[in-house]
Enquirer: 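Below are the structure tokens for one structure; questions will follow.
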Amino acid sequence: MDILAGLNPPQREAAEHGEGPALVLAGAGSGKTRVIAYRIAHLAQAGAARPENILAVTFTNKAAKEMRERVQKLLYAGRSAEPLISTFHSFCVRLLRREIHRLGYKRDFSIYDTDDQKRLVKQTLEEMKLDDDELKPREVLSRISFAKNHGVPPDGYATRFPSDTAQDVEYIYERYEERLHGSNSLDFDDLLLKSVAVLKNNPDLCKHYSNWYRYILVDEYQDTNRPQYDLLRLLTTSHDNLFVVGDEDQSIYKFRGADIGNILKFEKDFPGARVIRLEQNYRSCGTILKVAGAVVANNTERKGKTLWTENPEGEKVSCRRSDTARDEAYMVVGHIRRTLEENPDARVAILYRVGALSRTFEDVLTQQGIPYALVGSVAFFGRAEVKDILAYLRVIFNPEDDAALLRIVNTPPRGIGKTTIDALTSEAIGKGVPLLRLLREKAGDPQFPTRSAKAFQRFLELVDKWTAAQEGTPVANLLATVIQDIRYKEMLQKEESSPETENRIANVEELLQAAAESEQRGETVAEFLDRASLSSELDKLDPEARVALMTLHSAKGLEFDTVFLVGMEEGLFPHSRSSASDAELQEERRLCYVGITRARTKLFVCWTPFRKTHGPGAGFPSRHSRFLDEMPGELVEGLDAIAPGDENVYGPPFPQRPMFTGGGYGYGQHGGEWREDRHADWRDRAPAHVHAVSGAPKPVPPREGRDDAATGAATANQPKSIAELKSYLEKMQQAAASYRPPAAKAAADSGLREGMRVRHDRFGDGIVLRRERSGDDYKVTVTFSLVGKKTLVEKYAKLQKL
DNA sequence: GATTTACGCCTTTTT
DNA sequence: GGCGTAAATC
């Protein structure tokens with residue numbers, strides 16, 4: 001059977017490509033996963049390579065899993081050997097578990113997550129007696145990560161990246177690396193870097209792996225970073241059968257070190273590379289594709305390709321302006337409701353730039369009883385209770401894992417307090433000795449305070465007991481013993497008794513279940529821990545879910561019938577923190593492109609001038625996203641709500657500026673020049689744009705070229721007349737008035753009394769237990785039938801009397 | 001040393 | 001309105 005029969009000519013050309021490098025430029029929805037899967041199957045079936053000599057790398061577990069399933073469908077099931085299809089990170093872990101001893105680590109190394117990393121940096125900061133106002137752990141970490149990924153060792157840091165804090169960072173970086181190594185642990189970056197190092201330092205080993213993996217395929221090549229690139233180079237030392245698939249227009253991980261240059265210069269890096277373009281899109285309607293193309297055409301950093309489709313043109317894209325974020329949510333959910341009524345099998349997604357936007361949509365969906373799947377909250381393995389238990393396992397497995405030990409040494413509380421820990425930690429660091437070993441010394445040290453020593457002894461006895469039992473005990477049983485010994489569930493119950501507790505206990509149970517399943521699959525403890533470290537929330541997105549909520553980043557690679565792109569506002573999208581340079585702006589635009597191209601048949605783009613950022617009172621109107629301006633007016637219905645007017649009525653167009661976080665933004669006129677003024681009140685200035693002007697919708701005039709000024713493309717959204725300006729101002733004022741927190745009224749007298757039955761948006765129905773003054777507001781304690789007792793601030797709770 | 005309360009910050013994106 | 005850390009209190 002010709003397994004390639006279902007492919008179009010360029011897809012087929014790619015799948016049949018023989019030896020040598022190849023670059024497949026695959027536009028959104030052009031079937032790139034398909035091409036990789038078919039190529040793997042083809043290589044194996046045509047006898048070019050044995051399956052086990054094929055390596056395919058992806059970025060997410062989800063993509064790897066999908067790929068595996070597709071390949072399995074194409075090849076006969078039940079082969080003894082299978083191609084290795086894995087993420088970069090799991091491939092590296094696999095490699096390192098075998099080879100890391102060559103770098104002076106033990107094979108039982110731990111993988112530090114962000115929490116662990118932060119803890120480490122924080123300790124060093126404390127030790128240095130530095131205000132963490134000056135240097136935030138997160139910032140330090142990202143600078144360290146940046147240095148590591150650019151091959152800059154600690155002692156070269158300050159010279160290479162001079163700044164007033166560079167010396168401090170260099171010092172922290174140095175300690176950080178020392179302690180990581182001292183804990184026999186690797187951080188995320190290390191997984192790649194150490195893999196590269198081990199291959200680089202051992203040419204024979206490198207050759208061995210390169211010989212083994214005769215054919216290497218890479219998905220999402222545009223997202224590779226420098227170490228990933230280095231790794232691929234090393235793995236291709238004895239051949240150049242590197243087949244990469246990517247789309248420069250979907251490169252959205254620069255902040256994480258992805259280097260779009262890798263895909264742009266592939267042909268230079270791998271001379272003789274065959275380049276294949278996949279430009280036929282099988283996913284979206286013509287209109288959606290054109291809109292996406294028009295937006296991304298504003299980017300300069302691209303190889304350029306034009307997607308086309310045989311799909312119908314479809315409906316116009318709909319642009320919706322709402323008065324508030326809540327209205328936006330109601331509007332979107334209303335559409336979803338109708339969509340699902342028409343077609344219960346439809347798959348719908350709400351996509352946003354920042355995760356914080358999900359809440360309002362969750363509220364409204366819950367309220368209306370529409371089930372949804374949220375990607376990106378706290379992942380299962382990120383839950384505190386799960387991490388606690390796993391930390392126990394980590395310590396048993398790698399006794400040098402200080403970060404894990406610090407996490408569990410007083411969880412549950414066993415009388416080993418912060419002061420004691422701090423003292424011991426600095427001593428351990430000073431001596432360069434793992435914390436657990438120091439604990440052992442102290443437990444037997446007669447000079448040490450007996451109370452603490454006793455506590456240590458009890459703790460160590462447990463650890464020793466588990467360590468002894470580890471061999472030959474199934475992980476799940478081991479974990480069950482741990483949980484019992486430390487009375488973990490009891491601790492959870494003691495902490496708080498609410499539905500949340502049950503949830504936590506359920507999570508602990510689920511972890512045991514996961515351990516048992518892992519065991520059944522024949523995985524080792526290490527493999528179980530590795531999977532926990534490398535898994536993410538996206539991996540378990542229910543593909544059956546009708547409504548999915550996620551960030552634009554998470555949405556890459558997915559597709560939906562209907563997509564709502566919400567929060568299309570300047571400052572939010574493009575995000576203010578990503579609008580400083582043209583390169584960042586281009587990345588935001590690619591993100592927008594990714595969002596648009598997720599939609600199969602219908603796309604909504606939504607915005608509101610009044611999105612409450614944080615806390616009440618910061619209500620400055622925001623401008624609609626410039627990406628809306630970049631969409632062709634004739635393909636988008638509803639754009640006229642942001643009606644452009646005559647260009648010259650009120651002088652030059654207002655410059656577009658990012659929104660500044662922290663205090664709203666505004667523009668004030670000073671000395672005849674528009675400039676940013678964070679404190680300018682919007683009422684004091686002419687509006688930057690007009691919307692919802694009654695009647696006279698005017699098509700958006702064609703935009704000619706781009707204004708490449710540093711401030712971004714200036715657009716013409718001017719009020720058309722004084723009358724319109726007035727009505728605009730009135731609208732704004734009305735909106736602002738209704739925008740005040742309900743507090744003002746509530747504080748006067750909400751009429752709430754103890755014993756009353758009330759309803760809460762999220763918590764459901766309940767009874768007021770207590771109501772007491774607090775400042776110029778009331779605090780109410782309510783027992784909800786669903787979630788139990790909660791104390792709420794009346795002005796925020798928006799309780800409805802029943 | 002542990003628990004409770006207050007405050008300040010938040011909002012990039014994540015293998 | 002939530003979360004995490006710092007300060008206050010037992």
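Letters A, B, ... mirror the listed sequences (proteins, then strands); counts begin at 1.
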Enquirer: Specify the separation, in whole Å, of atom OH of A:Tyr352 and atom P of B:dT14.
Expert: 10 Å

Enquirer: For nucleotides C:dG4 and B:dT13, find the distance between their P atoms and express it as a whole number of Å.
Expert: 15 Å

Enquirer: Could you please name the option among B:dT15, B:dA2, C:dG2 that lies closest to any side-chain atom of A:Arg256?
Expert: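 The answer is B:dT15, which lies nearest to the side chain.
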
Enquirer: Would you please name every residue forming a side-chain hydrogen bond (donor to acceptor under 3.5 Å, both in side chains) with A:Asn262, sequence neighbours left out?
Expert: A:Thr224

Enquirer: At less than 4.0 Å, is any side-chain N or O atom of A:Asn225 found next to OP1 or OP2 of B:dT15? Yes or no.
Expert: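 Answer is no, no contact under 4.0 Å.
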
Enquirer: Name the nucleic acid region contacted by A:Asp113, choosing base, sugar-phosphate or nothing; use a 4.0 angstrom heavy-atom cut-off, strictly under.
Expert: nothing

Enquirer: Using a cut-off of less than 4.0 Å, is there contact between a side-chain N or O of A:Ser554 and OP1 or OP2 of B:dT14?
Expert: yes

Enquirer: Give a yes/no on whether any side-chain N or O of A:Thr60 is located under 4.0 angstrom from OP1 or OP2 of B:dT14.
Expert: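 Answer is no, no contact under 4.0 Å.
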
Enquirer: What nucleotide, of B:dT15, B:dT11, B:dT13, holds the atom closest to the side chain of A:Thr551?
Expert: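 In terms of side-chain proximity for A:Thr551, the closest of B:dT15, B:dT11, B:dT13 is B:dT13.
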
Enquirer: Between A:Glu362 and A:Arg359, is the closest basic N to carboxylate O distance under 4.0 Å?
Expert: no

Enquirer: Please state how far atom CG in A:Leu192 lies from atom C1' in B:dT14, giving the value in whole angstrom units.
Expert: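 After rounding, the gap between these two atoms is 14 Å.
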
Enquirer: Could you tell me whether the side-chain ring of A:Tyr253 sits stacked on the base of B:dT13, using a centroid cut-off under 5.5 Å and a plane angle under 30°?
Expert: no

Enquirer: For a quick check of understanding: with a heavy-atom distance under 4.0 Å over all strands, which category does A:Ser90 fall into, base, sugar-phosphate or nothing?
Expert: nothing

Enquirer: Quick one: A:Asp187 CG to B:dT14 P, roughly how many Å, whole number?
Expert: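 Value for this atom pair: 19 Å.
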
Enquirer: Could you give the CD1-to-P distance, from A:Ile252 to B:dT15, as a whole number of Å?
Expert: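 It is 11 Å, rounded to the nearest whole Å.
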
Enquirer: Taking only the side-chain heavy atoms of A:Arg138 (C-beta and beyond), determine which of B:dA2, B:dT15, B:dT11 contains the nearest atom.
Expert: B:dT11

Enquirer: Report the residues that fulfil ring-ring contact (aromatic ring centres under 6.0 Å, His included) with A:Tyr593, sequence neighbours left out, ordered by chain and then residue number.
Expert: none

Enquirer: Any base atoms under 4.0 Å from A:Phe59, or only sugar-phosphate, or nothing? Heavy atoms, all strands.
Expert: sugar-phosphate

Enquirer: Can you see which heavy atom on A:Leu357 is nearest to which on A:Gly567, and at what distance?
Expert: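 The pair with the smallest heavy-atom distance is CD1-CA, 4.0 Å.
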
Enquirer: Between C:dG2, B:dT15, B:dT14, which one does the side chain of A:His553 approach most closely?
Expert: B:dT14

Enquirer: Among B:dT13, B:dT15, B:dT11, which nucleotide sits nearest the side chain of A:His575?
Expert: B:dT11

Enquirer: Measure from CG on A:Asn410 to P on B:dT3 and round the result to the nearest Å.
Expert: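 Between P of B:dT3 and CG of A:Asn410: 9 Å.
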
Enquirer: Going by 5.5 Å between centroids and 30° between planes, is there a stack of A:Phe88 over B:dT15?
Expert: no

Enquirer: Indicate whether OP1 or OP2 belonging to B:dT13 is found under 4.0 Å from a side-chain N or O atom of A:Lys556.
Expert: no

Enquirer: Between A:Thr420 and A:Glu587, who's closer to the 5' end of DNA chain B by nearest nucleotide?
Expert: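 Closer to the 5' end of DNA chain B: A:Thr420.
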
Enquirer: Nearest-Å distance, CG (A:Asp116) to P (B:dT14)?
Expert: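 From A:Asp116 CG to B:dT14 P: 19 Å.
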
Enquirer: Within the 3.5 Å criterion, strictly below it, is a donor on A:Tyr229 or A:Asp259 matched to an acceptor on the partner's side chain?
Expert: no

Enquirer: Does A:His553 reach the main-chain N or O of A:Ile252 with its side chain, forming a donor-acceptor pair under 3.5 Å?
Expert: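 Yes.
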
Enquirer: Give the rounded distance in Å between these two atoms: CG of A:Leu141 and P of B:dT13.
Expert: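 Going from A:Leu141 (CG) to B:dT13 (P), I get 16 Å.
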
Enquirer: How many Å lie between CD on A:Glu588 and C1' on B:dT13, as a whole number?
Expert: 9 Å

